[in-house]
Structure formats: structure tokens, C-alpha cells
K.L.:
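Attaching a single structure in C-alpha cells format; questions to follow.
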Amino acid sequence: MEQEQIGKLLRIGGAAATVGVVSCVHAAAELMPLGQIMAFRAMISGLLILLYGLCFNNPADLLPKSWKPHLIRGLLACCAMVLSYIAFARLPVTQAQTLSFLAPLIVLPIAIVRLGEPLTARLAVGLLTGFAGVLLILGLSFETGPFAFWGAVAGIAGAVFVAIIQVKIRAMTMTETAISISLSFTVIVACVTGPSVFLGNWVWPDSVGILLLIAAGIFGALNLVLFAESLARAPASAVAPLDYTGLIWALLADFWIFSQVPGPTGVLGSVLITVAALIVVLKPRGKHGR
């Protein structure tokens, strides 16, 4: 099997792992506070990533060359995680996962305004399609009640932070290794969320809760490692669109694990956002298909 094909399979696996994290958080949120979930997820993922890095990478690659960008990225990631986990807890897996697809749509206006990139008809269609999908999900969440509505708002805000982080990571990869970026992320999140134990609202999880925390950590580590390995084997342009296979995994998780069948409005909103993100991510071929 060619390296690019392996990279694509790894990316699909990474998308499935992302949905695994969302599903674990969605279930665990009924048993314990989000700060506790974030802290344990970060600590378990960090340990697994450290072991992976020591086994398959040069130990020097685990250390940042400059701490400042890692610290900024880590703090932004904490904000993104808090907002995203609120969405994971309050929304069905499919809707929560779909809102994370908004990141490339949010980056686009920034690129147009700040970098002077042209707004083509294709990109305009992508933006309008994504906006329509967001309105559908917000409308559906509003009808469900304030709990779900504010979950959707948090998910959209989390996508804004993810978009900023993506721009930050692009700059960091010029000097930093992928494993050091992943490891510093988990360390910073654990350090920021760990002290929430002193708020007094942490609970001792039962066996199901412990399994959910461990699974969230494993899925989180798999997500970071598989995405990094996919980029080591295939161009980003070839594997990035496969992130949106996560919609399929999310639908299956809602149906098989949580016995939730998304209604037509929720499905349509999710599909519109996914299609819009693909329109933005996929680059058109040249006139001669080259």
C-alpha cells in the first residue's frame, strides 16, 4: 500500500477518534464536572503521547525550541476546549461535531480581510452555505431549550478559537515538531484545569466514569498522533478533506450509543456546514485537471 493511502486511512482513523472524544465527554458530563473531564483527558493523553514520542521519536523532538508560542497556543486551546466541551455536553454528538467543522469557514474571512485573499464565487457559496447550516442548528437548539441553545453558541465560539489555533499552528510548524506541539498542549491544559479540583466540585467517578475518562484520554491521544502521522505520509491537501468523515462516525455514535435519531432539520444543518467546509477546503483543479 502506498504511503499516501496509508496517510488517508490514518486521517479517517483520526476523525473517528475525534468523535470518540466527543462521545465520551457527552456521556461523562452527566456524571462529573467538565473541569474534571478536561484535566483527566489531558493527563491521560499527555502520558500516552509522551510514551509514543519516547518510543518513535528523537527525545529532543519532544522539547519546544521556544516556550512562548506553545504557551500562547496552549492557553488558546484551553479556551477552545472549555467552549467545545460545553457543546459536547449539551448537544447531540452529530451537532457538536459538525460545529467544529466551522473552523475553516471562520479562517476564510480573516484571510480575506487581513491577507487580501480574493473572495471567489466558490468561496462565497461556501460561506453562505455554512451560514445557512449554522442558522438551522441554532434555530433547532433554540426550540429545544436554553440548555441546548447555549451549547450551540459555545460550540460556535469554540470553533472561532480553533480557527485562531490553526493559524497559530501553521506558524509554529516552521520551527517546532508536531510531537512537541501535541505534548505541550496536553501539559498546559492539565496544568490549567487541574486546579479546578480545589473548587470542591470534583466527584469520585464510578466504574463507568473511570472507563469514560480513560477512553477520552486514549481517543484524544489517538486523534493527535494519527493526524500527525497522516501528515507525515501524505500532503495536507490530500488528507484534510477526510476530517469530514467524522460526520458519519458522529451519526453512528448518536444512533448506536445514545439512541438518538437526528431530525431532518439537524441533519440538514450538519450536511450544509460539512458541504460548506469541503467547498472551502477542496481546491479546484486546473483547467486541464492537473
Side-chain angles (χ1 to χ4, degrees), residues 11-12 14-31 34 37 80-109 124-163 212 215-216 219 223 240-282:
R11 195 74 172 199
I12 293 173
T18 302
V19 175
V21 174
V22 179
S23 301
C24 290
V25 174
H26 184 75
E30 298 183 1
L31 306 174
L34 290 180
I37 298 171
M81 280 188 70
V82 169
L83 293 165
S84 297
Y85 276 33
I86 291 173
F88 297 167
R90 297 185 175 209
L91 296 174
V93 174
T94 301
Q95 293 181 21
Q97 176 68 18
T98 303
L99 290 176
S100 69
F101 295 161
L102 288 171
L105 298 176
I106 296 168
V107 170
L108 182 58
V125 169
L127 284 173
L128 292 174
T129 303
F131 183 67
V134 169
L135 288 179
L136 284 175
I137 288 182
L138 278 176
L140 179 63
S141 302
F142 184 79
E143 291 178 359
T144 304
F147 185 80
F149 175 75
W150 289 112
V153 172
I156 295 169
V160 173
F161 276 96
V162 171
L212 287 171
F219 280 128
N223 165 264
L242 296 173
D243 292 351
Y244 302 101
T245 58
L247 179 61
I248 299 172
W249 300 115
L251 286 167
L252 292 175
D254 267 336
F255 182 72
W256 281 341
I257 300 175
F258 300 106
S259 301
Q260 294 178 335
V261 180
T265 303
V267 171
L268 179 59
S270 297
V271 169
L272 286 176
I273 291 175
T274 305
V275 169
L278 284 170
I279 290 173
V280 172
V281 171
L282 291 174

K.L.:
Atom OH in Y244, atom CD1 in I12: separation rounded to 0.5 Å?
P.N.:
14.5 Å
K.L.:
How far apart are the closest heavy atoms of L242 and A15, and which atoms are they?
P.N.:
O-CB, 4.0 Å
K.L.:
Would you give the length of the straight line joining atom OG1 of T94 to atom CD1 of I248, rounded to the nearest 0.5 angstrom?
P.N.:
11.5 Å
K.L.:
Going through the distances and angles, do F258 and S23 end up as a side-chain contact (heavy atoms from CB on, under 4.5 Å)?
P.N.:
CA-CA 9 Å; F258 300 106; S23 301; 4.0 Å; yes
K.L.:
Rounded to the nearest 0.5 Å, how far apart are CD1 of I279 and OG1 of T129?
P.N.:
4.5 Å
K.L.:
F219 and C24: which non-hydrogen atoms are nearest, and at how many Å?
P.N.:
CD1-SG, 3.9 Å
K.L.:
By side chain to side chain contact (heavy atoms under 4.5 Å, CB included), which residues pair with L128, not counting sequence neighbours?
P.N.:
none
K.L.:
What residue pairs, at least two apart or across chains, pass salt bridge (charged side-chain N to carboxylate O under 4.0 Å, His left out) with a residue in residues 243-268?
P.N.:
R11-D243
K.L.:
Supply the atom-to-atom distance Q97 CD to L251 CG, rounded to the nearest 0.5 angstrom.
P.N.:
10.0 Å
K.L.:
Give a yes or no on whether F255 atom CZ has more than 12 heavy-atom contacts from other residues, nucleotides or ligands under 6.0 Å away.
P.N.:
no
K.L.:
In sequence, state the C-alpha distance, the side-chain angles, and the governing distance for F149 and T144, and then conclude on side-chain contact (heavy atoms from CB on, under 4.5 Å).
P.N.:
CA-CA 7 Å; F149 175 75; T144 304; over 6 Å; no
K.L.:
Which atoms form the tightest heavy-atom contact between Q95 and S270, and what is the distance?
P.N.:
CA-OG, 4.4 Å
K.L.:
So L99 and L91, side-chain contact (heavy atoms from CB on, under 4.5 Å) or not? Walk me through it.
P.N.:
CA-CA 10 Å; L99 290 176; L91 296 174; 3.8 Å; yes
K.L.:
Please report the shortest heavy-atom distance between V22 and A96, naming the atom on each side.
P.N.:
CG1-CB, 4.3 Å
K.L.:
Taking all heavy atoms of L34 and all of A29, pick out the closest pair and write down the distance.
P.N.:
CD2-CB, 4.2 Å
K.L.:
If you count every heavy atom of other residues, nucleotides or ligands that lies below 6.0 Å from F131 atom CZ, does the total exceed 12?
P.N.:
no
K.L.:
Any chance you could measure L102, atom CG, to T274, atom OG1, to the nearest 0.5 Å?
P.N.:
9.0 Å
K.L.:
Can you name the nearest heavy-atom pair linking V21 to A216, along with the distance?
P.N.:
CG2-O, 3.9 Å
K.L.:
Mind checking the CG-CD1 spacing from L83 to I156? Nearest 0.5 Å is all I need.
P.N.:
11.0 Å
K.L.:
For side-chain contact (heavy atoms from CB on, under 4.5 Å), just list the numbers for I273 and I137, CA-CA rounded to whole Å, side-chain angles, deciding distance to a tenth of an Å, and then say yes or no.
P.N.:
CA-CA 10 Å; I273 291 175; I137 288 182; 3.8 Å; yes
K.L.:
Report yes if some heavy atom in the side chain of L212 is under 4.5 Å from a heavy atom in the side chain of V25; otherwise report no.
P.N.:
no
